[in-house]
Amino acid sequence: MIPVVASDWDVPDRLHRICLTENLPLPNSSSENLWLPYTQMKTTAQPLHVTSTDGVRLTLADGRVLIDGIASWWTACHGYNHPHIVDAIVAQAQQMPHVMLGGIVHDQALRLSQRLAAITLGEASKVFFSESGSVAVEVALKIAVQYWMNRGATKRKRFICFDGAYHGDTSGAMAVCDAEDSMHSHFKGYLIEQFPQSIPATPEQFRAFESFVAQRAGSVAGVIIEPLIQMAAGMRMHSVESLNAITTICRRHGVLVIADEVATGFGRTGTFFAYQQTEFVPDVLCLGKALTGGCVPLAATIATPEVYSAFHSDNTQNALMHGPTFTGHAIGCAAANASLELFESQPRLAQVKGINATLQRNLNVLNDADGVTEVRILGAVAAIELADRIDTGLAIDAFAAMGVFVRPIGNVVYLAPSFTISTPDLETLCVAVKRFLAALPEVTRST
Ligand SMILES: Cc1ncc(COP(=O)(O)O)c(C=O)c1O
C-alpha cells in the first residue's frame, strides 16, 4: 500500500498510482477545476485522460494506447518525448531555466535568433521571442503599425485579412480572424474592425483585390495571411498563384506582408516554410507551435532588416514597444535549438513527402464517398470535408475505440501527424478515418 500524502506536489501522481494499483476509478480531475478551451463544460463528453506519450502514441489512464493523428495541434513534429529535445530541456533546466531579457541575454536565445534569421528572412533580420502564436501575431501587428508611425505615416493602423483566417485568441489577433466563421464572432464590437477579404483566386478576383488595396492603402499597415493552408479553419487551402498575387499586389501598394506560419512552419506543407513555395519573402514572419518540437511554449516574430531599420534610431520612443516577461525563455530556446538540430540531422522533409504519398494513396478515394464534399491534401496534412458538422465528442470516442486519436474541426476530419510516424501507423489512421466515414450518420449533426 502506498502512503497517501508524502509532499504537496506529488499528491495527484500518488493518487494516480494508488488507483492503478488498487484498480479504482481514476479521479475525474478535468470536470472539477480545469476549464477547457472552447468547451461547454456542462455538456462536453468526458475528455480522454492521457498519462504519458511516446513517439506517436498517447497512453490513457485506462491503459489504452492510441496512435495520435494530429500531433497535439500540429506541434509534435518529431514525435513525443524525442530524447534529443528532452535532454536539452533537462540540461537547460539544471543550468538556468529562465532569466529575463531586460538588460540580460543568454546563449540559447542568441543562438536561436541567429539560426532562425539565417533560415528565414536573412542573416540581418531581427527575431523577437514570445510564448504563444497569438502573441507572435500581436507583436507582428504592432511592428507593422509602429513601423509606419516611426516613419511618420500615423494613419496606417489597419490590416487586410482573409475569410477563414485564424491568428489566435488575443484581441489584436482575434480582430484579424474570420469575423463570422471563427470562434471570435462573440466579440464583435469589442474588437477593432479590420478589412477582411476573400482570398482571390482568379484574374478577375486579383483585379478586384488590387483595387480594394489601392483604395485603402493610406490607412493600411499590412496584410496578414496564413500561407497555403488555413489550418484552424479546417485545413482550407489556397494556391501558390493566389499567394503570389496577394503579396505582389500588396507590395505594389506599399502594404507590409505578414506571413503567419505559426501552423504551417517547420515542414508541415512540404517545404520548411510554406512561403518558400512562392516567389515572395514576407516582411514579417510569425512562428510558434512546432518551433520547439511541440515540447515547450515558444513563439517568434521575425522582421526583415528593412522593417527593423524603422526602429533603429537615436530616439528611444522608436524602440519596439513590447516585452513579455518570458521573452526568450531559456528552456524554450534550448528546446527550439534542439528541434532545429533534428531538422538538420534527420530527413524530416523526406518524411513529409512520404506521409503525403501515403495520404494521397489512401484518402483521395474518399472524394467519391457519401457525405464527403472535398478531400484536400498538402504536405503532411489531409482534410476530408463533410456536408454535415461532426459531433466532436462522439467522434473522439469513435476514433479512440479504433485505437487512434483524431479530433475533427467542425465538418472536417483531418490528419496532421508527427513527421516520424511509420507508414503502418499512418495507414491505421487512414483506415480509421474510412471506418469513421462509413458510420457517418451516427456522428454528424446538421446544426
Ligand atoms: C496560423 C495560426 N496563428 C496563430 C495561432 C495561435 O497560436 P497559439 O495557440 O499558440 O496562441 C494559431 C493556432 O492554432 C494558428 O493556427
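In this text, all values refer to a predicted model and were calculated from it rather than measured experimentally. Order of appearance sets the numbers: ligands from 1, and atoms from 1 within every ligand.
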Any idea which heavy atoms bring His98 and Thr327 closest together, and the distance?
-> CE1-O, 4.4 Å
Out of [options], who is nearest to [atom] when you count heavy atoms only?
atom	options	value
atom 9 (O) of ligand 1	Ser130, Ala232, Ser134, Ala165	Ser134
atom 1 (C) of ligand 1	Asp260, Val176, Val137	Asp260
atom 16 (O) of ligand 1	Cys286, Ser132, Ala263	Ala263

Quick one: which ligand 1 atoms are inside 4.0 Å of a heavy atom on Lys289?
-> 12 (C), 13 (C), 14 (O), 16 (O)
Going by the atom numbers of ligand 1, which of them fall below 4.0 Å from some non-hydrogen atom of Val262?
-> 2 (C), 3 (N), 4 (C), 5 (C), 7 (O), 12 (C)
Partner of His167 under side-chain contact (heavy atoms from CB on, under 4.5 Å), chosen from Ile258, Ile225, Asp260 | Asp260
Could you tell me whether Glu427 and Arg361 make a salt bridge, using a distance below 4.0 angstrom between a side-chain N and a carboxylate O?
-> yes
For atom 12 (C) of ligand 1, grab the closest protein heavy atom and report residue, atom and distance to one decimal in Å.
-> Tyr166 CE2, 3.6 Å
Considering only protein heavy atoms, which is closest to atom 4 (C) of ligand 1, and at what distance to one decimal place?
-> His167 O, 3.2 Å
Are Phe419 and His78 an aromatic pair by the rule of ring centers under 6.0 Å?
-> no
What do you reckon, does Gly133 have a nitrogen or oxygen under 3.5 Å from a nitrogen or oxygen of ligand 1?
-> yes
Cation-pi between Arg216 and Phe212: NZ/CZ under 6.0 Å from ring centre and within 45° of the ring axis?
-> yes
Using a 4.5 Å cut-off on heavy atoms from C-beta on, say whether the side chain of Asn318 contacts that of Phe311.
-> no
